[in-house]
Amino acid sequence: MPSLFSTSSASAGTENQTRSFSRVNSLKRDWSEPEPAASSLKAAPVEFQWTDSPQDKPKMPSTVTVESAADRRRKAILAAMSPNTSSPSGSTSSKSSLKEPPVQQLPSLPSASSAGPSVLNGSSMSSLGSDLKKRAMPWEEDQSTTKKAMLQRPNSRNSARSNSNKSTKSGGVMDIRQKIVLSTEQQKVLSLVVAEGKNIFFTGSAGTGKSVLLREIIKSLRKKYVTTPDAVAIAASTGIAACNIGGVTLHSFGGVGLAVDKPDVLLQKLRMNKKAAARWQRTKVLIVDEISMVDGDLFDRFCKLGQMIRKNQKPWGGIQVIVTGDFFQLPPVTKNNQQPKFCFEAVTWDETISMSVNLTKVFRQKDQRFVDMLNEMRFGRLTPESIKAFQSLSRQVKYDDGIEPTELFPRREDVDRSNAHRLEALLTDGYTYAASDTGTITDPIQRQKVLSNFLAVEQLSLRVDAQVMLIKNMDETLVNGSMGKVIGFCHKQLYFTDTAGRWLPDGPDGDDMDETIREKLEKTRKLVESKIAGAPNPVVQFKVPGGGMRDVLVEMDQFKVELPNGEVQASRTQLPLILAWAMSIHKSQGQTLDRVKVNLGKVFEKGQAYVALSRATSLEGLEVIGFNASKVMAHQKVAVWSRKLRDLND
Ligand SMILES: Nc1ncnc2c1ncn2[C@@H]1O[C@H](COP(=O)(O)OP(=O)(O)OP(=O)(O)O)[C@@H](O)[C@H]1O
């Protein structure tokens, strides 16, 4: 399901917040320019280090409401160069390590809400935000936000640069409203869960909006239990899935380690773990995502454990249980090739789940033929026509906007190798951004394990032209899964855009700008560049729905694993980007991708081929190498069991 991460104003950090960036070089490059000669760009890596406070959190580059054209821009530029601008406390030099964050109060706009000309207020990444604001959890985000862009500037020199944003209106105001309205069946499930308090399992093939619905459910339950927030526990089968919904793994929720013992032994363990025992007592609703990967025996053990610790004979001790996932996707991990035991095979499944709902409307793919082919594949029964159709997808698809299909691999090593290889081949300028990690888990091995589940990586190397994917929802058009290319690096204070939201790498310098402003602007630029040269942010040109592109200055964000009581077990502050020439099938579960390439020759697990191919939104955007019907495997017992499922129209 789509990855969704939580963001908060402060982390329960226990660790030093040192962040380092190694700078390879810094330049911007227009996509249309020829690649710079390698020789001119090979600077020795330079290390920059500074500390920042844990509550630091930059706002994502916000687009703003337009005030008026020239006046507005003039006002903002002047504000950007206002005397309250102070220079950094110390310059970041090569290999320097700063004890205090370099205070950088460069250009600020008239007000935060009118951050228009993108000479944005406050600190750079070097002082990552005393202005750290609590950003809404994914399910708290307003689904109908309208973003309006930017500084009015009709004669932008960059206006010719791939200015294809179809959502830009003539007045220079970009209305990118895109509303998701729950379908009738999604609404019914929401009501059954929230209003009627039913224990529900909702499923559906890939792309039927299970994640979208889950987000709404979480949002509504949080409202319902607003006075007791820890009444709603959010968990998932795997660390990656848990990170995707801002929850914890089911094991972590349980608080009894691997939970392989009998329930009475687990009860003793739980009583020793006071925090976990209290959690079980306080939980009123438990959400479990990606249920297909939860082992059936674990489901039974936790059901009994709930009864015992809560002294209540109802399943799970009376906790309302909501589970979702698709059993045709990835199964529970087993040892020595043993047959997995699915949750629907658990003894307590039927008594726990009062209603199973099968969502039927597929949103991800519009083409019914493709939907049918995927459904055949889901059940592992392809018709000769579908086999032919899949085989015909072995052609190479060319795109003219420079964004290539993401190649999905079953193994992580292949992903890392492929991305590293592509990055090295670029020979353009770039930076490496190191994450800063905190959290309450002190055991380094355990902690590393949890952190490795974040999509956000420990070290992110980017170069101009690198293909990246956004791994957080920012707004309606910039969502987890949005693909883009790095088009340059820029300090937040020097980030200017035109009316259409296009980045102006050289700043606003239209014909109507007077000399004094131009000179002041140049001075500001030099000051910023000389003082905080180590920390420019990447500027990414993202592809947005409808075929347009959107430039965004990407800033650090926080990813965390949080227990229902708000305890942050692990958190990572990193740019919400990953290299996206390649991705693992495991991590792709939940993603919606317009351009996908899959080599099925390497697929080894039942459900893997289905997960991989069903990420694609269309047959046109799907490239399949080595298609072999025998690779399209489904667990027979899932197929048999699923026949019992009813949709809400039955
Ligand atoms: N009610 C809706 N209206 C419009 N679009 C929707 C709706 N529900 C889901 N979508 C869109 O459909 C796509 C797939 O949704 P989602 O990821 O929630 O499906 P899923 O069932 O969780 O898929 P998977 O099982 O493959 O992870 C997303 O792009 C999502 O925005």
Side-chain angles (χ1 to χ4, degrees), residues 1-4 138-139 141 143-144 176-190 201-219 236-238 240-245 287-293 322-331 357-367 370-371 374-375 377-378 408 455 469-483 543-546 583 585-596 598 607-618 621-622 638 642 645 647-648:
M1 302 207 173
S3 299
L4 303 162
W139 45 88
E141 283 166 5
Q143 292 283 327
S144 61
I176 54 172
R177 191 197 310 245
Q178 275 198 348
K179 207 166 181 166
I180 287 187
V181 180
L182 292 190
S183 66
T184 311
E185 56 182 5
Q186 284 172 321
Q187 275 172 19
K188 273 189 194 165
V189 176
L190 180 69
F201 162 58
F202 64 91
T203 185
S205 60
T208 46
K210 299 182 290 297
S211 295
V212 165
L213 175 57
L214 187 64
R215 252 180 284 165
E216 282 304 314
I217 287 175
I218 293 172
K219 195 166 138 187
S237 50
T238 66
I240 294 170
C243 285
N244 287 350
I245 52 165
I287 289 167
V288 187
D289 193 11
E290 299 292 8
I291 191 73
S292 68
M293 284 186 272
I322 298 154
V323 291
T324 183
D326 176 10
F327 286 111
F328 285 97
Q329 297 189 27
L330 302 179
V357 176
N358 190 32
L359 298 175
T360 52
K361 183 171 168 49
V362 176
F363 292 96
R364 186 173 290 134
Q365 295 88 15
K366 304 274 176 269
D367 173 0
F370 188 24
V371 170
L374 287 173
N375 262 330
M377 176 175 245
R378 186 165 180 249
L408 302 180
L455 273 177
M469 188 176 100
L470 187 65
I471 52 171
K472 251 191 174 174
N473 288 343
M474 284 192 194
D475 57 38
E476 297 289 309
T477 56
L478 289 181
V479 293
N480 177 6
S482 293
M483 300 293 294
K543 202 175 159 295
V544 292
M583 190 186 231
I585 294 177
H586 202 65
K587 288 204 169 175
S588 79
Q589 195 170 19
Q591 300 291 346
T592 296
L593 302 169
D594 288 338
R595 301 168 187 188
V596 185
V598 190
Q608 255 177 357
Y610 175 65
V611 169
L613 271 55
S614 62
R615 299 307 97 199
T617 52
S618 69
L622 176 62
V638 176
S642 72
L645 281 174
D647 66 52
L648 283 167

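Quantities reported herein were computed from a predicted structural model and do not represent experimental measurements. Heavy atoms only: backbone and side chains are in, while hydrogens, waters and symmetry mates are out. Whatever order the structure lists them in is the order used to number ligands and atoms, beginning at 1.
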If I take atom CG from residue Leu645 and atom OG1 from residue Thr360, how far apart are they, to the nearest 0.5 angstrom? 12.0 Å
Side chain or backbone of Gln589 under 4.0 Å from ligand 1, or both, or neither, by non-hydrogen atoms? neither
What atoms of ligand 1 come within less than 4.0 Å of a heavy atom belonging to Ile180? 1 (N), 2 (C), 3 (N), 7 (C), 31 (O)
Pair Gln329, Gln589: side-chain N/O donor-acceptor within cut-off below 3.5 Å: yes
Taking the side chain as C-beta and beyond, is there a heavy-atom pair between Glu290 and Thr238 under 4.5 Å? no
Quick check: do Arg215 and Asn473 have side-chain heavy atoms less than 4.5 Å from each other? yes
Closest to atom 15 (O) of ligand 1 (judged by heavy-atom distance), picking from Ala241, Gly209, Gly325, Ser292: Gly209
I'd like to check the side-chain contact (heavy atoms from CB on, under 4.5 Å) partners of Ser292; sequence neighbours left out, ordered by chain and number. Phe327
Would you say the side chains of Gln591 and Ser588 form a donor-acceptor pair under 3.5 Å? no
Between ligand 1 and Ser614, can you find any atom pair, the residue atom being a heavy atom, that is separated by under 4.0 Å? no
Please round to the nearest 0.5 Å and tell me the distance separating atom CE of Met293 and atom CD1 of Ile291. 10.5 Å
Check each of Gly590, Ala206, Ser183, Ser211 against atom 22 (O) of ligand 1 and report the one with the nearest heavy atom. Ser211
Quick look: Leu182 vs ligand 1, heavy-atom contacts under 4.0 Å, and the answer is backbone
With atom 9 (C) of ligand 1 as the reference point, say which of Val212, Leu213, Thr203, Asp326 has the nearest heavy atom. Val212
Would you say Gln329 touches ligand 1, if touching means a heavy atom closer than 4.0 Å? yes
Checking heavy atoms under 4.0 Å, the part of Arg615 that sits near ligand 1 is side chain
Is there side-chain contact between Val357 and Glu185, with heavy atoms separated by less than 4.5 Å? no
Polar-atom distance check: Val181 versus ligand 1, any N or O pair below 3.5 Å? yes
Should Phe363 be counted as touching ligand 1, given the test is an N or O pair under 3.5 Å? no
